[in-house]
Structures are given as structure tokens and as C-alpha cells.
Protein chains: 2
Amino acid sequence: MNEMNADMSSQLSNPVTIDDIAKRAKVHPSTVSRTMAADPEKLTPRRRKILEMAREMGYTPNVNAAALRRGASDTIGMLVVSTFLQYPTSSQLSTASFAMRAAAENALRLITDFYNWGTQWTPDADLPIPQIVRERRVGGIIATGTWAQPQFDQILSWKIPACVVGQLKNVPESLCSVGMNIRGGMYEAVQYLAALGHRKIALMIGGPKHIAHVQQQQAFEQATREFNLAGGEQWLIRADIDSPKTARPLAEGYHLTLQLLDRSTDSRPTAIIYGNDTLAIGGLQAAAKRDVDVPSELSIIGTSDTFLAVGSEPQLTSIHEDHHQMMTAALRLVEMQIRNQNIPQRHMLVDCPLIKRQSCAPPAPGTPGS
Amino acid sequence: MNEMNADMSSQLSNPVTIDDIAKRAKVHPSTVSRTMAADPEKLTPRRRKILEMAREMGYTPNVNAAALRRGASDTIGMLVVSTFLQYPTSSQLSTASFAMRAAAENALRLITDFYNWGTQWTPDADLPIPQIVRERRVGGIIATGTWAQPQFDQILSWKIPACVVGQLKNVPESLCSVGMNIRGGMYEAVQYLAALGHRKIALMIGGPKHIAHVQQQQAFEQATREFNLAGGEQWLIRADIDSPKTARPLAEGYHLTLQLLDRSTDSRPTAIIYGNDTLAIGGLQAAAKRDVDVPSELSIIGTSDTFLAVGSEPQLTSIHEDHHQMMTAALRLVEMQIRNQNIPQRHMLVDCPLIKRQSCAPPAPGTPGS
DNA sequence: GTGAAAGCGCTAACAC
DNA sequence: GTGTTAGCGCTTTCAC
């Protein structure tokens, strides 16, 4: 073990370089370099031998040298951006987690940085080029968070591999983007409830400041019209969940659902769609409190399909948000740009399918109990 | 704006180097380099001028060149490790999020990588040096997850700046570590309930495979003995929450709490401590179902103090786990090693104070309702 | 397909 | 405190 340890640490104090391999293979270092860059499928016998030697000797390329020479790193940077918040919200952080995992699965390297311009930014001002880009620490970026159109243009002006991710509007044609089709998910949810026989469906979402909430509302209204369901303001419930410092989504879901359940029969919904799973869990607690059975007396649909949806009793039907797929796509788009490959499709939309579990059923016949 | 854009992208295509500054300041490049490395507080007038010029010209050091020359990057790597799981759990990912945020706040760069040896690792086998280290992409590492003692020794043998983080046992003296004092938090929770007058306190935690759960149980048992409370196996409830694929913590909390509430008076707890907040939320739902008021008829304490604890109704008293502080400390320890500063304290323990909110009260007088 | 040679931008050892 | 010099490990011209 001592010997092995010595060997281990010598891997770091005296790492194998391209020159070492060249000497041993009796070729010029540049040949080794070319071999490493070539397609490993089609190698001449000589190159095959070089590659094998490199493996034997435990060669790992020094990425700093490569990045210095090339002028660009192969690490991808992720900018978590917020126009409104001084501190990143937990959803932004969880977005970052998904990106990290997607990166690891695809053998890509990812550095995250927060990019807060607070309230200082005006459309005239230039966005500063992010530090991690100027340092040449990263060769491309993924941008998540709240961006507006002039900012997209500025990202383009940096002329670096980039991809914006999330709820998007007016992305320039030449800037890569990966969005989430939350309208589709909402539509599917309403359609499902309508098909089960529900006519009185409530929607509980956050304020209209966030594009996501606006899109949810629009899709909801479009679907209720299309399926000829009860409409109007009384079915739209605004929950105060947008301020990360003070928001209490569980309590909001609980209290607002209690209010809905306590309405008179006519205006009492038989199904509720929640803008996130946490609100829905609060709703579940309210149903338990009023002894209303889910799903036989009340159908519930969550949004995001988090561990809460799978873990609850009953398990929640929820609109799935596939952050993993979104991030994987975004990372690939940036990687292709870094490698100068051509991109078949610059803009992608990740589907949000409705995951059907146990929290929905046809409405109770006759007057629902109260 | 066109002009500015040109300026922006030229920042990247023709970045200012140390040589440019040297030429303009009519000094040797090495003088500029030394100036950048010096303490900005105490500079000679000449150096002060150099620094100002650098700022004017928009100089950003090329980290690749610096890392190549120095032989080590200033980026910190984070290894998310798991002995048991093929895929990182959400708690591991959230750990990673906290680390990213702590890094951003301290102007440190962090790359995350997952390090899975699955079930293959044996004490005899050498751990491979992580890829991000061998590539020289990072100059030091933070290791989180489940580690055993022989693995600590191997990390030491890599002879790189390192710090292990999390629930720890038998860390070698010379390896930096930051732990979480979950025993202390559990002790405090029991003490608080005992002081309120509770004698029948149940603990609902995961299986004994995880060090954290073992420590929670030990601290619980020690405290119940010390405060002379009802003891024995009937107060320890095992929840199945350890398998990330199948775990349904909310449902577990719900069903197991129902069982507790349905016990006969003697063996029915007046307070329940949960191993995590999600279980506790399930408990809250069970209480609502049985129309048991929290806190007047049942006191509840969660663990981790997540957004669920703050957001629920009533708000949960919870044992706080300060991942942010833990990660900040760990990052600092690695940074100090990278910078060759001497470290006052190699081992730290982050406190887990009990955050008192609304879910605890003295037990109901007489027989609790059922 | 290969070898020769240059150099990416920076830091550190050395002499003064 | 400064200038000189060398070189970290790699990639990419160029000529053959």
C-alpha cells in the first residue's frame, strides 16, 4: 500500500506528459497530440500503439495547457441570473443542481457563477462580460434565470458559445435556447380533468410577475374556454409565493384550499390545479382537515413533479418539469458550439407531460360534501 | 452601442495581457505580475500606478496561463461521493447547491464532480485520483458524502489540499474536516420538549445504515435517559426513507404518525421528533386527519430546517442544519491550503441549534383526545 | 502522416 | 524592488 500510495502521489507530482509518451514511442510530441485529438475509431497501427502507451503510462492531459494554447477552456459556465433578487432562490439553486448532474453524466465540466445585476441594469447599459468568461475559465455559457430581450442581444454580442434556458420569450434566432413547454402541460392537465367530468376547476398560482405564471394562466384559460368549463375570476386563486424571504407555500396552499373547500356548492371547485407541488401538499393537508377525501371528493394536480409529488399520500398527479433533460440539451448545445460542430436545431422546447398518479378521479356524484 | 459591442467582443478576441500593461507602464512584465500578486494595501507609488493602468485597460488575468505555470489551478473541486447509490440523491445535490452558493459569495470557483465507486470499492483497492484533479482542473477538493476511514487515508495520500464534509467519524488528524453537530441538535430538541413537560416523546428516523441516523438515535437515547423520560423500543419509529428510488417520506410520515396517534393512551406520544422535515409534514397531515391540534394536542419537531419547516402551517420547530456555514468553512479551509496559509484549526463542527417556531407546546392536560 | 519550431500568458528562480 | 531568463504542457502552423 505504501508503494501504491507513492505511485498515487507521483501521478500528481510527476504527471505523465505528451513528451514522455513521445520519447517512449520514439515519435515527435506533436504526433502524440494529434493522436489524442483523432477519432479513436480510425487510427493507423502506429497511432493505436501510441494511444495504448498513453493509457499504460496513466496519461491525463493538462487542461490548463490545452486551454492556454487553444485560447479557450472546455469547461462550461453556468450563469444563474436574477433581475429581481439579490440572492438566488432555491429554485435557481436546484436548477443548478440539475445542470451539475447532467454535466457529470455527460462527462462535461461545469462551473457555476451567480450574475446579479439587481435593479441597476437598464436597457442602455452594457452587461459586463461575466468574470468566468473573461478569465478564460470557461469556453461557453449556459444562462438561466430571468432575462429580457435586450439582454439576449447582449449575450449574442459577446460572441461566445451560449445557450439560454428556462421560461423564454423573444429569443433571437441565432442564440441557442432550451425552453420548457409549461403551456402544454397545463393544457393537458385541464383536458384530463375535463375528461374525468370536472366542470369546476380552480387554478392556484403565483403572481403575474413571472413569465411562468403568466403562461400557466393563459394556457389554463385557453383550455377552460375550449372545453367549455366554468370560467371567470373566481377560479383563479393567487398565492403569495414569489418572495423567497417571506413565502410560505405550504401554509398558502393550506389556507387558500380551506377557503375553496368552504365555498358554497356552486362556486366550490371539484378539482384544483396548483402552480407547484408544495402548494398542493398544503392543499392535501387542508383536505385532511375538512375530512374531504382525495381523490374521490376532490381532485388535485401539482406542478413540477418533485419528490413531494411522488412521496405524498395519496401520490400527486403532477405536471412534470424535466430539468434534467432541459439541462442536458443546453449543455450539449454549448458543447457543440465549443467544438465547432454544426447545430441541427438552435431552439428546443422540453415537453411537460402530465404524470398521472392517485390524486385525480371523477367528481363525486350529486352535491359534494362540505 | 455598436461601438460598445465591438469593444465588448474585443475584450475577448484581444484580451489585455500582462505584457500590454508592462509596455504601457514601461516596466518589465514580471513587475506587473508581482504587482498583481502583492497586497493592494501596501504598494509603492509605481506599483499603484501599474495597478490603476491595469484597471483602466480592463485587464483580467488568464487563469489557464497562471495555472499552467504554477502547476495548480485555483478552482476548487467538489466530489459528491456515495458508497451505496448509483445516482446522487437529492440531498447530495442540494449539498452541492449550498457549496456553489457559498463559493459564489466568497469569490471562489467551484467545479462539482460525482465520484461513484458503487459497491466495487474494497479497503485494499486504491481510490483513483479524481479526474478533475489529474487534469489539473482543480487545485484542491472538498469531499462530501459517505466516506469511511481507509478512504480518508487515501485522500491524504493524494497530497492535495482537501477537506471532508458532513457526517464524519475517525477523520485523520491531518485531514481537514467540517462536520455537523447533529447530536447536539437532537439533545437540545429532547431537552426542550422535556422542559415543556413532555414525558412520552417518539423519534421517527431512517435506518441505521447512515451515520447520521445512528448519531440521532444515540443522542436521543442519551437525552431521554438523562431527563428520565419514558424509554424503550416503542418510542423509536423506523421510517423507510433511505432508498431514494422508492422512498415516500411524506406518506411514511403520514402513515406512521397515524399509527402513533391511534395507540392507546399509555403508549401514545405527546411529542414526536422527526428525522427530517418531510416526514414531519406528513405527520402534520396525519394530525389534521385525526383532528389532533398541533401544537396544543401534539408537539412536533422536524430536522434540517428546510423551506418546508418555515412554510408549513403551523410553522415547524426544527433542528437547523446550516449547510451554508458548513460549506463556507470547508471552502475556506481548502482555499487556505491552496494559498499555503497556515490553518489555525483543521477540524470544525457546525452547530445545529433548535429553531423554535409554532409546533411545540406543553402537553395537553389529562388524557389526550384520540 | 510526420517532424520541426513557435508560442499561448504567466510565474519564479536568479542576479543585481 | 526590478529586469532577465526560462519554461509550464500543449496545439498548430509550416514544410516535407
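Here is how names work: the chains are called A, B, and so on, in the same order as the sequence lines, proteins then strands, and each is numbered from 1.
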Fill in the blank from the handout: A/K49 NZ to C/dG1 C1', in whole Å, measures 16 Å
Exercise for the section: Rounded to the nearest 0.5 Å, what's the gap from OG1 on B/T112 to CE on B/M100? Could you check? Expected result: 6.5 Å
Problem - Length of the line joining A/R136:CZ and C/dG9:P, which is rounded to integer Å - result: 8 Å
Indicate every side-chain donor-acceptor pair of residues 324-344 of chain A with a distance under 3.5 Å to a residue at least two apart or in another chain.
{"from": "A/H324", "atom 1": "NE2", "to": "A/E105", "atom 2": "OE1", "distance (Å)": "2.8"}
{"from": "A/T328", "atom 1": "OG1", "to": "A/H324", "atom 2": "O", "distance (Å)": "2.7"}
{"from": "A/R332", "atom 1": "NH2", "to": "A/N106", "atom 2": "OD1", "distance (Å)": "2.9"}
{"from": "A/E335", "atom 1": "OE2", "to": "A/R339", "atom 2": "NE", "distance (Å)": "3.2"}
{"from": "A/E335", "atom 1": "OE2", "to": "A/R339", "atom 2": "NH2", "distance (Å)": "2.9"}
{"from": "A/Q337", "atom 1": "OE1", "to": "A/A162", "atom 2": "N", "distance (Å)": "3.3"}
{"from": "A/Q337", "atom 1": "NE2", "to": "A/A162", "atom 2": "O", "distance (Å)": "3.0"}
{"from": "A/Q337", "atom 1": "NE2", "to": "A/L333", "atom 2": "O", "distance (Å)": "3.3"}

Problem - Residue-phosphate contact under 4.0 Å: A/R46 side-chain N/O, C/dT2 OP1/OP2 - result: yes
Practice task
Take A/I76 and A/I142 through the side-chain contact (heavy atoms from CB on, under 4.5 Å) test and state the conclusion after the steps.
Solution key: CA-CA 7 Å; A/I76 296 174; A/I142 288 177; 4.2 Å; yes
Problem - Atom-to-atom span, CD of B/E135 to C1' of D/dG9 - whole angstrom - result: 14 Å
Handout entry: d(CZ, A/R137; P, C/dG9) in whole Å
Key = 17 Å
Completion exercise
B/L43 CG to D/dT2 P, in whole Å, measures 10 Å
Practice task
Begin from the C-alpha positions of B/I111 and A/R137 and carry the test side-chain contact (heavy atoms from CB on, under 4.5 Å) through to its verdict.
Solution key: CA-CA 11 Å; B/I111 278 190; A/R137 209 180 283 268; over 6 Å; no
Completion exercise
Terminal axes of the helix from C/dG1-D/dC16 to C/dC16-D/dG1 (5 end pairs apiece), angle rounded to 10 degrees, sit apart by 20°
Exercise for the section: Determine, step by step, whether A/H347 and A/E173 satisfy the side-chain contact (heavy atoms from CB on, under 4.5 Å) criterion, reporting the C-alpha distance in whole Å, the side-chain angles of both residues, the deciding distance to 0.1 Å, and the verdict. Expected result: CA-CA 8 Å; A/H347 302 278; A/E173 176 51 35; 3.9 Å; yes
Exercise for the section: List the atom of A/A103, the atom of A/L110, and the distance in Å for their closest heavy-atom pair. Expected result: CB-CB, 3.9 Å
Practice task
Kindly state which residues belonging to residues 30-38 of chain B come within less than 4.0 angstrom of DNA chain C, counting heavy atoms of the residue only, listed by number.
Solution key: B/S30, B/S33, B/R34
Handout entry: Near-strand residues of residues 59-73 of chain A, defined as heavy-atom separation under 4.0 angstrom from DNA chain C
Key = A/L68, A/R69
Practice task
List for me each residue that meets side-chain contact (heavy atoms from CB on, under 4.5 Å) alongside A/L168, sequence neighbours excluded, and say none if there are none.
Solution key: A/F152, A/V164, A/V171, A/S177
Completion exercise
By nearest-heavy-atom nucleotide on DNA chain D, the more 5' of B/P29 and A/H28 is B/P29
Completion exercise
Heavy-atom closest pair (A/T95 atom, A/H323 atom, distance to 0.1 Å) is OG1-CD2, 4.5 Å
Exercise for the section: Choose from D/dG3, C/dC10, D/dG1 the nucleotide whose nearest atom is closest to any side-chain atom of B/I18. Expected result: C/dC10
Problem - For atom CG of A/D74 and atom P of C/dC8, their distance in whole Å - result: 21 Å
Exercise for the section: Fit a plane to each ring of B/W147 and B/Y115, take the angle between them on a 0 to 90° scale, and name the class: parallel (under 30°), tilted (30 to 60°) or perpendicular (over 60°). Expected result: parallel
Exercise for the section: Could you give me the CA-CA distance, side-chain angles and deciding distance for A/I132 and A/L79, then say whether side-chain contact (heavy atoms from CB on, under 4.5 Å) is met? Expected result: CA-CA 9 Å; A/I132 49 175; A/L79 298 179; 4.2 Å; yes
Problem - Nearest-angstrom distance from the residue atom CG of B/N340 to P of C/dA12 - result: 11 Å
Under 3.5 Å, which donor-acceptor pairs do the side chains of residues 45-66 of chain A form with other protein atoms, sequence neighbours left out?
{"from": "A/R48", "atom 1": "NH2", "to": "A/L43", "atom 2": "O", "distance (Å)": "3.0"}
{"from": "A/T60", "atom 1": "OG1", "to": "B/R134", "atom 2": "NH1", "distance (Å)": "2.8"}
{"from": "A/N62", "atom 1": "OD1", "to": "A/N64", "atom 2": "N", "distance (Å)": "2.8"}
{"from": "A/N62", "atom 1": "OD1", "to": "A/A65", "atom 2": "N", "distance (Å)": "3.1"}
{"from": "A/N64", "atom 1": "ND2", "to": "B/R136", "atom 2": "O", "distance (Å)": "2.8"}

